[in-house]
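First up is the structure itself, then whatever we jot down about it.
Chain A is the first sequence line, chain B the second, and so forth, proteins listed ahead of strands; every chain is numbered from 1. The structure presented is a predicted model; accordingly, all values stated were derived computationally and were not measured.
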Amino acid sequence: MSKLEAVLPRNLTSAAPRWRELWLKEDWWAIWLGLGIVVAGYVLFATGHSAVLKWIAVAPPKWTSLAQLGSHFAANMARYLTQFALWLAVFAAALSALGYKAREVVPSFVLLYLLAVLVIASGQWDEANRYNFEPPLLALALGLVISNGIGLPRSLDAGFRVEFYVKTGIVLLGATLPFTLILWAGPVAILQASIVSVVTFLVIFFVGARLGLDRRLCATLGAGGAVCGVSAAIAVAGAVGAKREHAPVAITLVIFWAIVMIFALPLVSRALHLPAGIAGAWIGTSEFADAAGYAAAESYAGLANGHVAGIAGSGDQATFAFTLMKVVGRDVWIGIWAFALAIISITRWERTGASRRPDVAEIWWRFPKFVLGFVAASLIVTAVASSYSLADYNKLVSPALVTPIKDLRTWAFIFCFLSIGLTTRFRGLARTGRGPFLAFSAGVAVNVLLGLLLSAVVFAAHWQSLAR
Amino acid sequence: MTPGEPHCGACAHFRNDAAYLEEALAGWASLGSAHGSARGGDGICGRHDRYLSARSRCDDFTPRRGASSLTPSAP
């Protein structure tokens with residue numbers, strides 16, 4: 001094989017391709033959609049029309065009988081139809097810009113929305129907690145059964161965009177998370193996440209190397225387990241120039257363990273009676289992908305909000321701790337991991353004699369831009385709230401602005417959780433082989449135990465008091 | 001590197017459109033996305049069967065018709 005060489009694009013700084021990212025990358029679309037909702041909500045709030053946002057952000061309420069639920073839908077059908085039309089319009093516009101056909105997106109989203117109504121309504125049943133009918137878990141299980149048991153045409157995947165929905169949800173989540181909390185808890189999240197990420201990566205890498213795996217595969221697996229799942233594995237695979245078959249192996253292992261952890265982490269947290277903030281931090285440290293992590297964290301948040309015996313704290317604490325740990329502590333460092341591993345790959349693993357010079361700008365190119373929207377949303381609502389007393393905030397701002405945004409965030413997350421199940425076809429995943437499975441699983445074991453130790457012992461006081 | 005210099009992003013062996021990548025790398029769309037920023041402009045080299053940066057290059061460069069500049073961001 002001829003030598004491959006990474007080259008610097010220093011002179012290839014044509015503005016056109018860079019600006020095109022603003023409408024050709026889903027990170028930016030998540031920002032436009034999420035911030036668009038936040039800004040529109042603020043305008044409605046500031047002009048005394050906040051009832052419009054509340055009217056659109058409809059969701060099934062708590063119910064005890066099917067007749068009661070039916071009455072709710074009959075009385076609010078216009079609200080649901082309007083909300084559906086708005087979601088469809090914005091998502092279809094964004095997905096069309098990303099290259100999907102509207103005629104495939106529309107039927108796909110109709111199905112997704114109907115399933116989301118079913119899932120959210122099921123979660124509002126007053127007996128739901130008793131049967132573990134947490135909407136995130138139900139959405140995932142329902143999606144998996146449909147995609148693997150019944151089967152759906154591939155064309156419907158056009159509207160099942162897991163990452164797009166979770167990124168939109170995260171931007172909306174920023175509006176409910178005070179910026180001061182990010183500043184206060186962010187450093188601890190970064191410290192804890194960094195410890196676990198580095199240790200997990202090294203375990204996977206060296207176990208893999210010991211088993212004789214290609215170092216580029218080891219790095220790809222390590223990033224998948226340590227940083228942010230599939231996105232990190234793919235980013236590092238590209239940075240180190242992995243073999244084509246490496247990335248699918250890492251993807252399979254991330255999906256397998258992420259789905260196991262969606263069910264296992266909330267279950268074990270519940271068994272250990274972990275307070276909501278601590279469980280959220282643990283899930284943020286030990287889940288592998290944002291979407292999967294939110295499914296687990298929101299599930300535990302639902303238990304906390306449902307006042308399940310033995311779980312102290314609020315649902316917000318679980319969600320906020322998870323977000324700080326996963327988004328602030330892990331996701332934003334993906335570019336640095338890719339850049340560092342590109343250097344190591346070039347200087348240590350592939351001595352071709354050629355000059356290969358990775359560019360530090362890669363850190364920005366790979367930066368998950370939706371995080372900017374998350375921070376901007378937090379800043380906007382924090383600025384709005386700063387001019388109110390706590391009593392007025394709770395009485396005026398929270399119910400008119402923050403709560404409707406939170407309800408819309410719930411919809412976005414449920415679209416995401418359903419999409420995970422609907423797009424995960426186990427038969428279509430790559431075979432991993434024994435070596436990669438053992439290496440990755442060793443990292444999982446260390447990650448889970450170390451994450452629990454740091455969350456529930458070392459930094460327990462910090463996470464337990466979060467957002468109180 | 002100067003504009004127009006051979007690089008994978010302008011090579012006939014290289015593909016980095018998001019739909020193709022999600023089809024070629026099984027499971028990617030389940031918990032990730034080829035449309036995300038983290039991918040940059042990475043893609044698959046069919047000549048060497050590797051997943052790599054659009055900014056890489058090799059001796060087997062074959063100009064792709066219509067490719068004039070680096071397009072790392074294009075999905």
Side-chain angles (χ1 to χ4, degrees), chain A residues 1-12 14 17-18 20-21 24-27 98-99 157 160-164 228-232 234-235 237-239 241-244 246-248 251-252 254-255 258 288-289 291-292 334 359 362 365-370 420 423-424 428-430, chain B residues 1-11 13-62 67-75:
Chain A
M1 189 179 92
S2 61
K3 65 189 178 189
L4 280 158
E5 184 179 359
V7 288
L8 274 173
R10 290 190 197 287
N11 298 321
L12 293 174
S14 156
R18 300 286 162 77
R20 290 174 59 203
E21 280 212 2
L24 289 179
K25 289 287 186 182
E26 71 185 5
D27 286 54
L98 293 175
D157 285 3
F160 304 151
R161 300 303 308 176
V162 174
E163 283 277 289
F164 187 29
C228 53
V230 170
S231 297
I234 293 285
K243 290 180 183 174
R244 178 177 173 152
H246 289 166
I251 289 169
T252 297
V254 168
I255 290 173
F288 303 100
I334 187 172
D359 195 330
E362 185 168 358
W365 295 331
R366 295 188 188 278
F367 184 82
K369 312 293 189 304
F370 71 92
I420 296 174
T423 54
T424 301
L429 297 177
Chain B
M1 192 170 88
T2 56
E5 192 170 336
H7 58 280
C8 292
C11 177
H13 299 299
F14 185 80
R15 286 192 67 179
N16 69 348
D17 58 287
Y20 165 74
L21 291 176
E22 288 188 357
E23 188 71 30
L25 303 181
W28 189 343
S30 294
L31 281 177
S33 170
H35 295 281
S37 296
R39 177 172 69 86
D42 300 346
I44 293 173
C45 167
R47 175 76 176 81
H48 300 294
D49 231 15
R50 286 176 69 171
Y51 181 77
L52 36 72
S53 166
R55 299 170 179 85
S56 300
R57 68 183 181 193
C58 79
D59 297 339
D60 295 324
F61 175 77
T62 306
S68 57
S69 65
L70 187 68
T71 54
S73 310

Between Ile44(B) and chain A, with a heavy-atom cut-off of 4.5 Å, which part of the residue counts as in contact: side chain, backbone, both or neither?
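For Ile44(B), the contact with chain A is made by the side chain alone.
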For Gly36(B), does its backbone N or O pair with a side-chain atom of Lys369(A) as donor and acceptor, under 3.5 Å?
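Looks like no, no N/O pair under 3.5 Å.
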Determine yes or no for a side-chain-to-main-chain donor-acceptor pair under 3.5 angstrom, with Arg366(A) supplying the side chain and Arg39(B) the backbone.
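Answer holds: yes.
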Look at Ser231(A), Ala242(A), Pro248(A), Ala291(A) and state which one has the largest set of heavy-atom pairs under 4.5 Å with chain B.
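With the most close heavy-atom pairs to chain B, the winner is Ala242(A).
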Looking at chain B, which one of Ile234(A), Thr423(A), Thr252(A) has the largest number of heavy-atom pairs inside 4.5 Å, strictly under?
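Looking at each of Ile234(A), Thr423(A), Thr252(A) in turn, Ile234(A) comes out on top.
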Starting at [atom1] of [X], measure out to [atom2] of [Y] and round the result to the nearest 0.5 Å.
X         : Y         : atom1 : atom2 : answer
Arg55(B)  : Asp359(A) : CZ    : CG    : 8.0 Å
Thr424(A) : Leu31(B)  : OG1   : CG    : 6.0 Å
Leu25(B)  : His246(A) : CG    : NE2   : 12.0 Å
Glu163(A) : Ser30(B)  : CD    : OG    : 10.5 Å

Answer yes or no: is there a side-chain heavy-atom contact under 4.5 Å between His35(B) and Arg161(A)?
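A side-chain contact exists here, since the closest heavy-atom pair is under 4.5 Å.
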Side chain to side chain donor-acceptor pair (under 3.5 Å) against Glu26(A), all qualifying residues, sequence neighbours excluded:
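Lys167(A), Ser33(B).
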Mind ranking Ala26(B), Ala24(B), Ser37(B), Gly32(B) by heavy-atom pairs under 4.5 Å with chain A and telling me who comes out on top?
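Counting heavy-atom pairs under 4.5 Å, the top option is Ser37(B).
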Given that the side chain runs from C-beta out, which part of [X] has a heavy atom under 4.5 Å from chain B: side chain, backbone, both or neither?
X         : answer
Ile420(A) : both
Ala289(A) : side chain
Ala237(A) : both
Ile251(A) : side chain

Shortest non-hydrogen contact from Trp28(B) toward Val230(A):
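What the structure gives for the nearest pair is CD1-CG1, 3.6 Å.
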